[in-house]
Protein chains: 2
Amino acid sequence: MPIACALEMIHTMSLSDALLTLAFEHVAAKTFNVSPDRVVQAIAELGSAVGSKGLVAGQIVDIDSEGKNVSLAELEYIHVHKTAKLLEASVVCGAIMGGGNMIDIERVRNYARCIGLLFQVVDDILDGKTAGKDLVSDKATYPKLMGIDNAKKLATELVAQAIEELAYFEDARAAPLYHLANYIASRQN
Amino acid sequence: MPIACALEMIHTMSLSDALLTLAFEHVAAKTFNVSPDRVVQAIAELGSAVGSKGLVAGQIVDIDSEGKNVSLAELEYIHVHKTAKLLEASVVCGAIMGGGNMIDIERVRNYARCIGLLFQVVDDILDGKTAGKDLVSDKATYPKLMGIDNAKKLATELVAQAIEELAYFEDARAAPLYHLANYIASRQN
């Protein structure tokens with residue numbers, strides 16, 4: 001590798017290492033009024049979402065899939081790992097830090113999984129509406145793999161599933177999450 | 001940047017991100033029989049040692065100093081941040097996990113700082129003994145900056161300081177750390 005590339009890599013890696021480390025350090029050092037066992041649980045959750053079974057895995061598979069034929073299962077793997085897992089961890093960490101019990105936490109986790117995938121499906125549907133973008137790009141998308149009607153049907157099912165998870169909670173408390181799911185489903189851009 | 005470089009960077013960064021994340025996740029998820037507040041404290045300590053005020057800072061300054069004139073203060077900065085901080089965190093995390101109080105922890109921290117720097121100084125002294133290595137390399141070293149005699153004197157002072165910190169502890173319990181300091185000071189290669 002040319003020396004200029006190597007130096008740029010070292011600088012970029014150092015920056016990413018510093019920021020990634022800061023995230024964990026910050027949660028550990030700057031979380032107040034939360035019991036330590038919940039802080040530990042949140043850090044473990046975050047670590048799992050970002051590491052080799054989470055974000056990193058999705059990123060690698062996504063990069064390596066460029067220009068290749070991607071199956072629906074592979075597309076879902078990429079979206080779940082590259083995007084949805086961190087969204088899931090964000091929601092779950094909120095429930096952990098907020099004092100939720102195990103059932104509360106698993107309910108919001110399921111909610112988050114639905115809206116994480118929903119976000120990607122809607123994104124693909126919207127991209128498909130940008131004239132020609134779908135045809136020019138090599139990237140696999142839900143409309144390309146299952147057709148636009150089935151993609152829309154999937155989006156509708158995901159919203160319904162997400163909302164069903166929220167039924168477990170008090171309406172007033174679940175309202176923001178309810179509206180978030182509908183917002184993601186209905187956005188036009 | 002050429003595409004091949006970029007792809008290699010992404011793969012290397014992903015690997016380093018995965019491993020770094022795994023370290024934090026592991027401490028959070030796999031530490032047993034230690035109170036959670038101590039686990040949190042250890043994670044904060046580790047984060048501080050590895051991040052932008054620790055290992056990353058030392059690495060960046062070291063790389064950017066290649067081929068330039070480096071002062072004694074800059075050399076010490078590089079060694080402290082690139083190597084000694086993580087060694088310090090390792091020792092301190094041991095004290096935290098092992099149930100040490102604040103004074104115990106600060107004593108071993110000071111001990112670790114001494115042996116961290118001692119390690120580097122002795123390394124430089126030993127490298128200087130390898131015929132010609134000192135003259136050929138551009139790298140700043142303690143013997144080059146302060147002379148071999150003063151470098152040896154510094155090493156002796158650091159060992160003495162390290163051992164003084166251990167005097168606070170029960171002899172039998174401090175013995176391994178005592179012998180470690182002497183080992184570092186007396187190794188010939």
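So that the names make sense, note that chain A is the first sequence line, chain B the second, and so on, each numbered from 1. Atoms considered below: every heavy atom in the structure, side chains included; atoms not considered: hydrogens, waters and symmetry mates.
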**Student:** With the side chain counted from C-beta on, respond yes when B:L22 and A:S52 share a heavy-atom pair under 4.5 Å apart, and no when they do not.
**Tutor:**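 No, every pair of side-chain atoms sits at 4.5 Å or beyond.
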
**Student:** Looking at B:A23, B:G47, B:G54, B:A57, which makes the most heavy-atom pairs under 4.5 Å with chain A?
**Tutor:**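 Most heavy-atom pairs within the cutoff with chain A belong to B:G47.
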
**Student:** So does A:N101 have more than 12 non-hydrogen atoms from other groups sitting under 6.0 Å from CG?
**Tutor:**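 Yes, because the 6.0 Å sphere around CG of A:N101 holds more than 12 heavy atoms from other groups.
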
**Student:** Shared ILVMFWY cluster between A:I184 and A:L166, side chains joined below 4.5 angstrom?
**Tutor:**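 Shared cluster, yes.
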
**Student:** Quick check: do A:L46 and B:E25 have side-chain heavy atoms less than 4.5 Å from each other?
**Tutor:**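 No. Closest side-chain heavy atoms not under 4.5 Å.
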
**Student:** When hydrophobic residues are tied together by side-chain contacts of less than 4.5 Å, even through go-betweens, does A:F169 share a cluster with A:M102?
**Tutor:**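 Cluster IDs for A:F169 and A:M102 differ.
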
**Student:** Heavy-atom distance under 4.5 Å between the side chains of A:T21 and B:L20, does that happen here?
**Tutor:**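 They are in side-chain contact.
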
**Student:** Determine the option with the most heavy-atom pairs under 4.5 angstrom with chain A, choosing from B:R38, B:K53, B:M9, B:K30.
**Tutor:**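 The residue among B:R38, B:K53, B:M9, B:K30 with the greatest pair count is B:M9.
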
**Student:** Please say yes or no: joined through hydrophobic side-chain contacts below 4.5 Å, possibly via intermediate residues, are B:L72 and B:I78 part of one cluster?
**Tutor:**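 Looking at the clustering, B:I78 is in a separate group from B:L72.
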
**Student:** Are side-chain heavy atoms of A:I43 and B:I43 found at a separation under 4.5 Å?
**Tutor:**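 In short, these two side chains touch, coming nearer than 4.5 Å.
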
**Student:** How far does CE of A:M13 sit from OG of B:S16, to the nearest 0.5 angstrom?
**Tutor:**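 Going from CE on A:M13 over to OG on B:S16, the span is 3.5 Å.
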
**Student:** Quick check on B:L19 against chain A: is it the side chain, the backbone, both or neither that has a heavy atom closer than 4.5 Å?
**Tutor:**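 The answer is neither part of B:L19.
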
**Student:** I'd like to check A:V39 versus B:P36 (side-chain heavy atoms, cut-off strictly below 4.5 Å). Are they in contact?
**Tutor:**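 Not touching, per the 4.5 Å side-chain cut-off.
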
**Student:** Taking atom CD as the centre, does A:E157 end up with more than 12 heavy-atom neighbours from other residues, nucleotides or ligands that are less than 6.0 angstrom away?
**Tutor:**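 Yes, because the 6.0 Å sphere around CD of A:E157 holds more than 12 heavy atoms from other groups.
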
**Student:** Given heavy-atom pairs under 4.5 angstrom as the criterion, report whether the side chain, backbone, both or neither of A:Q41 touches chain B.
**Tutor:**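 Neither part.
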
**Student:** Any side-chain heavy atom of B:D17 sitting closer than 4.5 Å to one from A:Q59?
**Tutor:**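 B:D17 vs A:Q59: side chains apart.
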
**Student:** I'd like to verify something: which residue of B:I63, B:T12, B:V27, B:I10 has the highest number of heavy-atom pairs under 4.5 Å with chain A?
**Tutor:**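 The answer is B:T12.
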
